[in-house]
Enquirer: 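Starting off with a structure, shown below.
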Amino acid sequence: MSEPNATASDRASPKDLPSVDRLLRDPAVQLLVAEHGHTCVAREVRALADELRARALRGELAQGEVTPPALADAVQRRVAGRMAPRMRAVLNLTGTVIHTNLGRALLADGALRHLLAMMAGPNNLEYDLDSGGRGDRDTIVEELLTTITGAEAATVVNNNAAAVLLTIAALARGREVIVSRGELVEIGGAFRMPDVMASAGAQMVEVGTTNRTHPHDYERAINERTALLMKVHTSNYAVQGFTSAVSEADLCAIAHARGLPVATDLGSGALVDLAQWGLPHEPMPQEMLAAGCDVVSFSGDKLLGGPQAGLIVGSREAVGRIRKFPMKRALRMSKLPLAALEATLMLYLRPERLTDDLPTLRMLTRPQDEVRRQAQALLPAVAAAVAPRYQVTAIDMMGQIGSGSLPVERLRSAGLAVAPVSSRGVGRALDELATALRRLPVPVIGRVSEDRLLLDLRCLARDEDLMGQMPALQAALA
Ligand SMILES: *Cc1c(COP(=O)(O)O)cnc(C)c1O
């Protein structure tokens, strides 16, 4: 690469550089052309030639860089870099199981197989195999969703933000939607309830206060312009202390007495009761429907453990209006996640096997003792790789479910804590370690806490994925 120390005699000048054509005729470069074709390799050869010429003019190019093997090598590196995908697999050792920045839920094997099989050729996405006529893509998952949740009808869109937007637009465009001040959520990525209402063309009417909202707050706000009463699950924060909220059942009684519908944005939403595995209970769409809600929406890639999707379940009347609303066409789900969603929902037909079948649940329900044993087993190899500058201990740590689910509850977990041995320059030493981990072939993402880098092992399914990279980590830190 750049050799700032080159002496005058071993510095290369622009005339030492071969032409683009000659470089392309180099036998090693011809091998690259055979593999990738002329267009791709020629683009990199030209870019390399430009770069080398500029450096030669600045007197920064060494003779050693313009030998045929060195040039062929440089072309090879550029082509490899260009052909390396920007989206890469990483190891999520952050302790947050459903991590939005790391792609949220992992798909089950069954979902991956179905996805692959359906995408490789034509399928009956919108084709009715009984009649031979046009079908509706919603039918692929509607029966599964109604069976699992007990809803009369169901439809799906691109994500839950779209589901909320579409629900409000279809049911309340040009009219008023009543929502509690305690539920005006902002979730990551600029999804704020007041903005969503405005985008949907509805007038938001806030009632109650941040900590307390009562039935009469809703009752007093209802007028002839009201179209919808809305509940929003406060998924990423908790209002604690002197608080009061109106339950879905009470709100439905108020709304239905006046002929108005109630919609609930559940955010994550769990299709099974997490309490059966000792996890905190997360509100379920089934419960919202039983309470009388006309529409319930939730995400496909949070606790459900499937692909990105927005699921809408509810009454035939309300879901029918949502499905027919023109905006639905713009927000519809693609066939890729739809195939994955169908296969994921099918796993819910055999709930006893879910903690084996569904990676998200498998990771969430791993006993702390098992993660502790894993930490003990991995400790020696990791300690050897980061020695002598860092020391490693196996400790208990607290993780979290993530993606806005159950923000207050923590997951008892375990893992490795890596700390710099020297007490000087701790921040820089931790940065260096975190950077080295992120630059591994399969980047390892941990988290820094109290002068240590923590690697939570709850989500490490195969020890080998970490162990196999320890030689590379050792080399990077040397
Ligand atoms: C996550 C969440 C959403 C958005 O869901 P996406 O599937 O990410 O679009 C909306 N509302 C609440 C309360 C959420 O927690």
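Remember, it's 1-based here, ligands and their atoms both numbered in the order they're listed.
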Enquirer: Answer side chain, backbone, both or neither: which part of Lys302 comes under 4.0 Å from ligand 1, heavy atoms only.
Expert: side chain

Enquirer: Can Arg321 and Asp294 be counted as an ion pair, charged N to O under 4.0 angstrom?
Expert: no

Enquirer: Using a strict 4.0 Å cut-off to heavy atoms of Ile187, name the atoms of ligand 1 that fall inside it.
Expert: 1 (C), 2 (C), 3 (C), 4 (C), 10 (C), 14 (C)

Enquirer: With atoms numbered from 1 as shown, which atoms in ligand 1 lie under 4.0 angstrom from a non-hydrogen atom of His233?
Expert: 13 (C)

Enquirer: Looking at ligand 1, does Asp265 have a heavy atom less than 4.0 Å from it?
Expert: yes

Enquirer: Is a donor from one side chain sitting under 3.5 angstrom from an acceptor on the other, for Asn160 and Ser297?
Expert: yes

Enquirer: Between Asp273 and His281, do the side chains contain an N or O donor and an N or O acceptor separated by less than 3.5 Å?
Expert: yes

Enquirer: Would you find a donor on one side and an acceptor on the other, under 3.5 Å apart, between the side chain of Arg173 and the backbone of Leu171?
Expert: no

Enquirer: Checking Arg366 against Gln374 for the side chain to side chain donor-acceptor pair (under 3.5 Å) test, could you report, in this order, the C-alpha distance in whole Å, the side-chain angles of both residues, the deciding distance, and whether it holds?
Expert: CA-CA 11 Å; Arg366 276 187 77 193; Gln374 189 181 18; 2.8 Å; yes

Enquirer: Using distance alone, decide if ligand 1 has a nitrogen or oxygen within less than 3.5 Å of any nitrogen or oxygen in Asp301.
Expert: no

Enquirer: Near Arg104, which atoms of ligand 1 are under 4.0 Å from a heavy atom of that residue?
Expert: 6 (P), 7 (O), 8 (O)

Enquirer: For ligand 1, which atoms have a heavy atom of Ala161 less than 4.0 angstrom away?
Expert: 4 (C), 5 (O), 6 (P), 9 (O)

Enquirer: Is there a donor in the side chain of Arg372 and an acceptor in the side chain of Gln368, or the other way round, less than 3.5 Å apart?
Expert: yes

